[in-house]
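Just so we're on the same page: letters track the sequence lines, and every chain starts at 1.
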Amino acid sequence: MTTPYNFDHNSFAGDLQRDHAAIGDGDETGVEVAAAGRVMLLRTQGKLAFATMRDSTGEIQLFALSSITEEFESFSKLHLGDWVGVKGEVVRTKRGELSIKVKTWETLAVARHNFGDKWSGISDHDLRYRHREADLWANPESRQSLSRRSAVIRSLREQLWAQGFIEVETPILSAIASGAAARPFTTHHNAFDFDFSLRIAPELWLKRLVVGGFERIFELGRVFRNEGISPRHNPEFTMIELYVAYWDVYNMMELTEQLCAGAAQAVLGTTQLTYQDREMSLATPWARRSMAELTSEAVGEEVSVHSSRERLVELLSQRSVVANDSWGTGRCLAELFEATCEDGLWNPTFVTDFPLEVSPLSRQHRDDDLLTERFEVYCAGRELANGFSELNDPDDQRKRFEDQARLKAAGQDETMEIDEDYIRALEWGLPPTAGLGIGVDRLAMLIADAPNIREIIAFPTLKPLRDS
RNA sequence: GCGCCUCUAGCUCAAUGGCAGAGCAAUGGACUCUUAAUCCACAGGUUUCGGGUUCGAAUCCCGAGGGGCGCACCA
């Protein structure tokens with residue numbers, strides 16, 4: 001069967017519904033339109049047929065009559081899921097449904113498979129993710145989730161553009177995977193006969209652009225981490241990182257909450273959300289609590305990076321966390337925080353004053369040698385964002401990398417490698433700078449009320465099917 | 001990677017060791033205002049796969065595969 005190469009189309013379902021909302025039952029408008037979409041429901045009635053057609057903007061009924069519609073017999077034998085282009089007059093039926101009274105029509109493509117149960121859609125997760133194209137037609141909430149993701153990304157870009165940021169792109173193929181503590185994927189470049197890593201963060205490249213004179217930059221893109229998959233983790237995920245010259249972490253906290261609240265406002269029209277049946281407020285300002293303060297409250301005694309290591313190790317072991325010999329008080333405090341506080345933080349909270357030991361790219365805190373000017377945002381029990389005053393002293397940065405190398409030697413897997421190119425870049429002078437990274441998928445999850453990260457990724461990473 | 005749960009018709013689901021079923025979709029038909037149309041008829045199965053126990057297995061056991069959740073890793 002030969003189908004057309006194009007269809008001369010001038011109307012969308014959503015626009016027609018809006019423009020002709022006022023006409024009465026049984027009225028005819030005299031307006032001739034051409035529209036296209038998929039047949040989602042079909043009700044034949046002898047010499048009449050009613051089809052519900054859906055396009056990207058909504059649904060409209062097609063009203064076919066044997067006395068008016070060409071090829072009426074074929075029309076009444078359309079399959080659910082077939083794409084059609086129709087031309088006819090906009091009318092409202094006697095029973096009150098806005099319709100296109102079809103004069104001519106053509107099949108644009110046929111559907112060999114159906115789109116699931118008319119009531120229930122498709123609920124099998126495997127089928128939904130492996131054949132998202134079917135899921136999107138069967139389940140309106142899937143379309144809404146991906147639309148909201150798109151709207152979140154649009155809002156982030158527009159807010160940053162409005163504040164003078166420019167968008168840049170940096171390499172995904174990296175000789176050294178750095179900028180975060182995570183295991184990379186590797187791939188082989190044939191001409192160089194070299195194994196590249198896929199980036200785990202764009203951080204170091206972006207700061208080199210600040211050294212190069214770009215004062216407000218951001219990158220929105222995919223990063224790759226060779227780690228476990230969970231309802232909150234996909235091996236490739238989308239991060240937005242941004243850097244502002246002359247700012248410190250406190251300036252950046254304000255921008256962080258503005259961006260996220262702004263995205264919610266733009267997409268939902270409010271910063272008061274319901275996430276998984278529970279109220280959540282993204283309204284600014286967000287709570288700011290130091291890691292030591294939150295952890296002290298949780299364990300019922302004063303703890304900090306200045307506590308005795310013995311005591312921190314003891315508190316950890318009470319919570320079934322076995323401290324590695326290589327952990328100092330900073331790592332111990334961070335672990336204790338994760339064990340006691342992380343899950344309980346529901347509304348977005350800036351957790352500030354991260355230990356220097358776990359923050360190899362952050363600038364030392366101006367009031368405490370063992371801390372950095374770094375925060376992470378926790379929300380719904382998960383990390384949402386990470387930001388800090390950037391470490392811009394090349395000598396200090398070298399020392400931090402060397403500390404990381406020592407930890408690696410002591411058996412810690414997820415540590416950063418020494419990046420000589422980056423240290424050399426810092427030697428040209430990085431101004432005081434603040435940086436931020438936001439997990440875009442996780443922000444989209446909140447705004448789309450998605451329980452699983454796979455819901456807001458069009459094609460999440462799936463296990464390839466193998467013969468059993 | 002580990003643990004628990006799960007997998008039945010194209011889709012959504014029944015069948016609680018005793019004949020494998022329904023609704024929708026599909027197929028054939030009736031019907032000039034339907035709305036998940038309705039009505040009649042027809043068809044659809046290696047119960048994910050491979051073993052085992054049993055007179056008898058969708059059901060119980062073992063193994064494999066896919067998925068969900070939790071843990072670990074991490075954002």
Kindly indicate whether the side chain of [X], heavy atoms from C-beta on, has any atom under 4.5 Å from the side chain of [Y].
X	Y	answer
A:Phe237	A:Val223	yes
A:Cys379	A:Trp286	no
A:Tyr378	A:Arg289	no
A:Arg130	A:Leu465	yes
A:His20	A:Val31	yes
A:Phe75	A:Leu62	yes
A:Met253	A:Thr352	yes
A:Leu361	A:Phe401	yes

For atom CD of A:Glu133, decide whether the heavy atoms of other residues, nucleotides or ligands shown that lie under 6.0 angstrom number more than 12.
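It does: A:Glu133 CD has more than 12 such atoms within range.
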Pick the nucleotide of RNA chain B nearest each of A:Phe63 and A:Thr44; which residue has the one closer to the 5' end?
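Residue closer to the 5' terminus by nearest nucleotide: A:Phe63.
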Here's a test of your reading of the structure: between A:Leu42 and A:Glu236, which maps to the more 5' nucleotide of RNA chain B?
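The 5'-side residue here is A:Leu42.
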[X] [atom1] - [N] [atom2] separation (whole Å):
X	N	atom1	atom2	value
A:Glu227	B:rC71	CD	C1'	15 Å
A:Glu455	B:rG67	CD	C1'	13 Å
A:Leu465	B:rC7	CG	C1'	14 Å
A:Arg222	B:rA75	CZ	C1'	15 Å
A:His131	B:rG10	NE2	C1'	12 Å
A:Asp124	B:rC69	CG	P	13 Å
A:Phe185	B:rC73	CZ	C1'	13 Å
A:Arg183	B:rA72	CZ	P	15 Å

Parallel, tilted or perpendicular: which fits the ring planes of A:Phe375 and A:Phe350, with parallel below 30° and perpendicular above 60°?
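Perpendicular, since the angle between the ring planes exceeds 60°.
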Under 4.0 Å, counting only non-hydrogen atoms across every strand here, what does [X] touch: a base, just sugar-phosphate, or nothing?
X	result
A:Lys47	base
A:Gly121	sugar-phosphate
A:Asp135	nothing
A:Glu376	nothing
A:Ser123	sugar-phosphate
A:Leu65	nothing
A:Gly46	base
A:Gly228	base

Which one, [options], comes nearest to the side chain of [X]?
X	options	value
A:Asn114	B:rA26, B:rG68, B:rC11	B:rC11
A:Arg43	B:rG66, B:rU35, B:rA25	B:rU35
A:Asp117	B:rC24, B:rG67, B:rU32	B:rC24
A:Arg442	B:rA75, B:rG66, B:rC11	B:rA75
A:Pro231	B:rG67, B:rU35, B:rC69	B:rC69
A:Arg130	B:rU32, B:rG66, B:rA75	B:rG66

When rounded to the nearest Å, what value does the distance between [atom1] atoms of [N] and [M] take?
N	M	atom1	answer
B:rU59	B:rA14	C1'	13 Å
B:rA25	B:rG10	C1'	7 Å
B:rG17	B:rC39	P	35 Å
B:rC49	B:rA58	P	11 Å
B:rC2	B:rC73	C1'	12 Å
B:rU6	B:rC60	P	9 Å
B:rG44	B:rU8	C1'	14 Å
B:rG3	B:rG63	P	10 Å

OP1 or OP2 of [N] sitting under 4.0 Å from any side-chain N/O of [X]?
X	N	answer
A:Gln45	B:rA37	no
A:Arg454	B:rG68	yes
A:Arg225	B:rA75	yes
A:Ser320	B:rC71	no
A:His113	B:rA26	no
A:Ser120	B:rC11	no
A:Lys118	B:rU12	no

Distance criterion of 3.5 Å, no angle test: do you see the side chain of A:Asn452 paired donor-to-acceptor with the base of B:rG68?
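Side chain to base: no pair below 3.5 Å.
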With pairs defined as Watson-Crick or G-U wobble and both distances under 3.5 angstrom, please note down RNA chain B as a dot-bracket string, | for pairing with another strand.
(((((((..((((....[..))))..((((.......))))......(((((..]....))))))))))))....
Without hydrogens or angle criteria, can the side chains of A:Ser142 and A:Asp135 be said to hold a donor-acceptor pair below 3.5 Å?
yes
Could you check whether A:Phe237 and the base of B:rA75 form a stacked pair, meaning centres closer than 5.5 Å and planes differing by less than 30°?
yes
